[in-house]
Amino acid sequence: MVINMSSESSNIIDIRANNKYAGKRMTIIEKSAKMEIASTYEEGDSMTNESMNVLFNELKADMREREQRTKGEVIEREKRFEKQLADFNHAAERREERFLTQIDTFNKETKEREERLNRSIDEIKTSIITFQSVVNQSIQTSKEDIKTVANEIKDTSKHVQTLAITSIAALVAVTMSIAALVITLYFTIK
């Protein structure tokens with residue numbers, strides 16, 4: 001880039017044309033500082049090469065200092081970023097541990113519930129089987145009791161029939177004996 005403040009002035013330093021800076025990589029600030037110095041320097045000014053070198057050295061020192069600060073800031077930002085990543089990673093690990101703990105707790109509770117349900121089902125089955133056997137025994141006992149009562153009723157009805165027949169026979173016998181007595185008395189009295 002050629003810096004010419006006026007088309008008449010040919011004493012302005014062309015930074016590109018100056019071999020002193022050839023092959024050096026310059027930052028934007030260095031370039032702007034050199035261009036400013038080059039544009040203000042004319043032959044005949046009291047500035048010498050030595051004072052220019054001092055200014056450039058100060059500028060370089062400022063640039064190094066600025067670069068060191070920038071590098072320090074970048075390093076600090078990287079450290080903060082790495083710390084944030086580590087904190088985030090640590091928080092994610094804690095969340096994962098809590099989640100896994102919750103899953104384990106849920107699995108344990110589910111297993112306990114399942115075991116309680118299985119025990120309850122087994123108890124209900126046992127109760128039903130016991131109830132069925134009690135009912136079956138009661139039905140069997142009732143059947144036997146009904147048979148016994150039926151036999152007793154048969155025996156009682158036979159006994160009643162026998163008593164009825166015996167009563168009728170006794171009545172007939174009493175009636176016949178009374179008739180025989182009456183007949184005997186009648187013939188004895190006559």
Q: Apply salt bridge (Lys or Arg N to Asp or Glu O under 4.0 Å) to R69 and E73, showing your working.
A: CA-CA 6 Å; R69 273 187 288 155; E73 288 175 5; over 6 Å; no
Q. With sequence neighbours left out, what residues match I178 under side chain to side chain contact (heavy atoms under 4.5 Å, CB included)?
A. V174, V182
Q) Would one find more than 12 heavy atoms of other residues, nucleotides or ligands at under 6.0 Å from atom CD of E96? A) no
**Q.** Non-hydrogen atoms of T162 and T166 that approach each other most closely
**A.** O-OG1, 2.5 Å
Q: Determine, stepwise, if the pair S138 / V134 fulfils side-chain contact (heavy atoms from CB on, under 4.5 Å).
A: CA-CA 6 Å; S138 296; V134 167; 4.3 Å; yes
Q) Quick one: CG on N151 to OG1 on T156, what's the gap to the nearest 0.5 Å? A) 10.0 Å
(Q) As an exercise, state the distance from NZ of K143 to CD1 of I146, rounded to the nearest 0.5 Å. (A) 9.0 Å
**Q.** Distance, nearest 0.5 Å, that separates NZ of K83 from NE2 of H90
**A.** 10.5 Å
Q.
Regarding E123 and R119, does a basic nitrogen lie under 4.0 Å from an acidic carboxylate oxygen?
A. no
Q: Enter the distance from K154:NZ to Q161:CD here, rounded to the nearest 0.5 Å.
A: 12.5 Å
Q | Pairwise side-chain hydrogen bond (donor to acceptor under 3.5 Å, both in side chains) hits with a residue in residues 172-186, at least two apart | A | Y186-K190
Q | Geometric cation-pi criterion, R94 with F88: 6.0 Å, 45° | A | no
Q.
Within the structure provided, determine whether H159 and D155 are in side-chain contact (heavy-atom separation under 4.5 Å).
A. no
Q: I would like to know whether K111 and K108 meet side-chain contact (heavy atoms from CB on, under 4.5 Å); could you show each step before the answer?
A: CA-CA 5 Å; K111 189 173 183 177; K108 287 177 185 176; 5.7 Å; no
(Q) Tell me every residue that passes side chain to side chain contact (heavy atoms under 4.5 Å, CB included) with T101, counting only those two or more places apart in sequence or in another chain. (A) T105
**Q.** Approximate separation, where rounding is to 0.5 Å, of L163 CG and I168 CD1
**A.** 11.0 Å
Q.
Just verifying a value: how many Å separate T141 OG1 and N136 CG, rounded to the nearest 0.5 Å?
A. 10.5 Å
